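Below: the structure, in structure tokens.
None of these values were measured; they are calculated from a predicted model. In what follows, chains carry the letters A, B, and so on, assigned in the order in which the sequence lines appear, proteins first and then strands, with residues in each chain numbered from 1.
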Amino acid sequence: MSKLLENLNAEQLAAVTLPPQAALILAGAGSGKTRVLTTRIAWLLQTGQTSPASLLAVTFTNKAAKEMLLRLGAMLPINTRGMWIGTFHGLCNRMLRAHYREAGLPQTFQILDTSDQLAAIKRLLKAMNVDDEKFPPRELQHFINGNKEAGYRPPNVEAWDDYTRQRVGLYAEYDAQCQREGVCDFPELMLRCYELLERNEPIRRHYQARFRHILVDEFQDTNRLQYLWLKMLAAHGSETPAAVFAVGDDDQSIYGFRGAEVGNMRDFEGEFKVAAVIRLEQNYRSHGNILDAANAIIANNSKRLGKNLWTDQGSGEPIRVYQAASDLDEARWIVEEIQQLVRDGASRSDIALLYRSNAQSRVLEHQLFSSGVAYKVYGGLRFFERQEIKHALAYLRLLANPDDDTAFLRVVNFPTRGIGARSLEQLQDAARSFNTSLYATVPHLSGKPGVAIGGFVRMVEEMRHVTSELPLYEIVDHILDTSGLRAHYKADREGQERLENLDELVSAARYFMNEADQPVAEGEEALPGDPLSRFLSHASLEAGDHQAEAGQDAIQLMTVHAAKGLEFDAVFITGVEEGLFPHEQSMNDLASLEEERRLMYVAVTRARQRLYLTLAQSRMLHGQTRYAMKSRFFDEIPEALLKWLTPRVQAWSAPSRFGGGQNAAPPYQNESVLAASHRSPPQKSRDLDGLRIGQLVRHARFGEGVIVAAQGSGEDAKVQINFGADVGMKLLMLSMAKLEPV
DNA sequence: ACGTTACCGGTTTTT
DNA sequence: CCGGTAACGT
């Protein structure tokens, strides 16, 4: 046991060894959060305070759950298989499969991912003849999910206006459709599970008596429904509540936009009567200057639970700032800097390029590519989301649950088998009048459509018959051939990769049987459901890696959101500009501005040794050049921590070019401690009082603005300046206006 | 049934 | 600017 607790600092030790009671651990970035969580579990088990079966640990992502299991397995000689450690949705799915009857679901209910759900909503609107201009499917999806995640069924939604009442009606229709088809969307898994516990006393009592310790990771990301679910499962308010051990960081709450409620932390502290909040503030990741900057930034937020990171590693290097003339120059400079770092011995995979929005990656990628620097972009299409994989899964879904209309429509005519829109319309009308699923309606269909679609149904029936006794991977292999999917992609000269992915699906099924879903050993708890249903759940709940093909040593490109939880030796935060970071759609109200600030805090705290902040004075966005001012976050970092690598700009502006046009980007000098690059000065140059296009200036009356264009020369020189939303665009005489470069 | 063209819209994202 | 979708034409 002592070995387990070795090398923990005082706060970590206190957290790990807390008595069984509600606990809130405020774990700052890089403070050993995962370590505390897993050591806590190991300690509870090793000291015999609890058994693997009476413990539940919940995370947000599969990655985090896997990590926890892995580390736990390394700490203790126990079999972690069968333990209730997983994501919120994964655990709910497990419970619903075990009690599908009580939950009012078919045994083989299928899970709709976000795009399936959208398709289902579109189909509903069409069937009900609802104008999708008035009720945009995406908006409706957001409405439905938002309500589910707040715990509201249609009757509970407060609808004061007509429009909302109509949307509530559609919400109800949508739920009815899902029920008819035997499918659950993601929030439905949570809500249905919550209601199961709420309404079924024996089941509720069973789990409440069973789980004596509940551990929650990333508590700041929980939504209202997840909070209620935890409260229910923990038998909050009863004589014998479970001990909930919640770990989180309010300063890293960056998912408010998708329903996360940081307020849950405060509520938890109050409602669960947390005796002592433990703060993990010692950071083992970053050098002092980086932490000082992070602390200084986040200190500007109100409503914090309060926390200050510190390190004993020393201040380290200053934070390097580079202000480029354009997004292209920014990218170029970064790539040069990276090449220098690599020459100095840095490993590419320890360098990250972070950005606020995905659109920014394009220029960076282009520059990396043309310089021959290996890089990896995170956040693309995932394996189980690929078109060909979704098609194959749709056949499998029909085998498991023929009432799944989403799956039916996806493949009834793919590969093409002469079933057109008109036939399907007829089928959908008939299904509506019979109130049966499409599949079940087919036998009632007469005429030519009946024959064509009947053929499809017979094919699926045949598949089901032939595969009924086969192991999972052979089922998958079989449907790929019988459905004609393989043949289809084989005939397509661009289908090679898709074919390979289909083969990969067979491998995934084989792997799933062998590894992820082994038959249970003696005394272990069996996972509910048949192998096929389990595999399909797995595919929906764990859509696969974010196309990060491992192996090659490459620069890591990702959004700041995607970087949460990761760390790198060197981090470049790019596009640190007003309007981009903070994003313009989040600059205007305090709550979202504070989320942007937390995002910046997350970004900064990713760096171990070296942090770069870069920005560009002009940037191509949505097809037009935009000029931005430096981000307000710069003003929140003590000047002494920053090292500006951009020298004071000397105006190198030729009148002929100054007026805009193709070559409006002003030349500049570049002087980096690391990568001194030499660019030839322009042929014609002229000092315009230290001003140039893209330059940020201050005007006595109008405040700060950006020079957008200029015209004329000498006495007649005029500059056009954008002073932001309040003042707007101004054309000023250069000789009259007193402009100060900022 | 499938290809072409016109339009729109455009943070962040896991399950 | 660029991708995704919808409507249109063959």
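For the pair Leu599(A) CG and dT11(B) C1', the interatomic distance rounds to 10 Å; values are reported in whole Å. The interatomic distance linking Gln624(A) (CD) with dC2(C) (C1') rounds to 14 Å, in whole Å. Protein atom CG of Asp185(A) is 16 Å distant from nucleotide atom P of dT15(B), rounded to whole Å. In this entry the distance linking CZ of Arg258(A) with P of dT11(B) reads 17 Å, nearest Å. Remark: C1' of dT13(B) and NZ of Lys63(A) are 14 Å apart, rounded to the nearest angstrom. In this structure, CZ of Arg626(A) is placed 13 Å from P of dG10(B), rounded to the nearest angstrom. Atom C1' of nucleotide dC2(B) and atom NE2 of His488(A) are separated by 12 Å, given to the nearest angstrom. Atom CD in Glu133(A) sits roughly 11 Å away from atom C1' in dC8(B) (whole-Å rounding).
Residue contacts shown for Asp113(A) are absent, as no nucleic acid heavy atom lies under 4.0 Å away. Using a 4.0 Å heavy-atom criterion, one finds that Gln226(A) contacts no nucleic acid atom at all. Nucleic acid contact class of Thr114(A) (heavy atoms, under 4.0 Å, all strands): base. The residue Phe60(A) sits close only to the backbone: its heavy atoms come under 4.0 Å of sugar-phosphate atoms, none of a base. Nucleic acid contact class of Tyr255(A) (heavy atoms, under 4.0 Å, all strands): sugar-phosphate only. Looking at heavy-atom distances under 4.0 Å, Asn62(A) makes contact with sugar-phosphate atoms alone, never a base. Residue Ile419(A) is classed as a sugar-phosphate contact, given heavy-atom separations below 4.0 Å to backbone atoms only.
Both tests hold for Arg97(A) against Phe109(A): distance to the six-membered ring centre under 6.0 Å, angle to the ring axis within 45°.
Using a 4.5 Å heavy-atom cutoff, the side chains of Glu594(A) and Arg597(A) are in contact.
Comparing dA6(C) with dT11(B), their C1' atoms are spaced 25 Å from each other, to the whole Å. Look at the C1' atom in both dT5(C) and dT12(B): the space between them is 23 Å, to the nearest Å. Rounded to whole Å, the separation between the P atoms of dT13(B) and dG4(C) comes to 16 Å.
The nucleotide whose nearest atom lies closest to any side-chain atom of Thr416(A) is, among dA6(C), dT12(B), dA1(B), dA1(B). Which of dT11(B), dT15(B), dC2(C) sits closest to the side chain of Arg362(A) comes down to dC2(C). Across dT15(B), dC1(C), dT11(B), the shortest atom-to-atom separation from the side chain of Arg382(A) is found for dT15(B). Candidate nucleotides dA1(B), dT14(B), dT12(B) were compared by shortest atom distance to the side chain of Asn413(A), and dA1(B) ranks first.
Between dT11(B) and Asn358(A), no contact under 4.0 Å exists linking OP1 or OP2 to a side-chain N or O. Under 4.0 angstrom from either OP1 or OP2 of dT15(B) there lies no side-chain N or O belonging to Asn145(A). For the pair Thr559(A) and dT13(B), the criterion of a side-chain N or O lying under 4.0 Å from OP1 or OP2 is met. Under 4.0 angstrom from either OP1 or OP2 of dT15(B) there lies no side-chain N or O belonging to Arg94(A).
Remark: Arg498(A) does not engage Asp492(A) in a salt bridge, criterion side-chain N to carboxylate O under 4.0 Å. A salt bridge is defined here as a Lys NZ or Arg NE, NH1 or NH2 lying under 4.0 Å from an Asp or Glu carboxylate O, and Arg258(A) with Glu149(A) fails to meet this definition.
For His391(A) and Tyr489(A), the distance between ring centers is not under 6.0 angstrom.
Using bins of under 30°, 30° to 60° and over 60° for the plane-to-plane angle, the ring pair Phe535(A)/Phe384(A) lands in the perpendicular bin.
The 5' end of DNA chain B is approached more closely, in terms of each residue's nearest nucleotide, by Ala421(A) than by the other of His561(A) and Ala421(A). Checking Phe88(A) against Arg417(A), the closest nucleotide of DNA chain B that is more toward the 5' end is the one next to Arg417(A).
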Fill in: ring-ring contact (aromatic ring centres under 6.0 Å, His included) between Phe219(A) and Phe268(A), worked out
CA-CA 10 Å; Phe219(A) 195 80; Phe268(A) 176 70; 5.1 Å; yes
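Here His583(A) lies parallel enough and close enough to stack on the base of dT11(B), with planes under 30° and ring centres under 5.5 Å apart.
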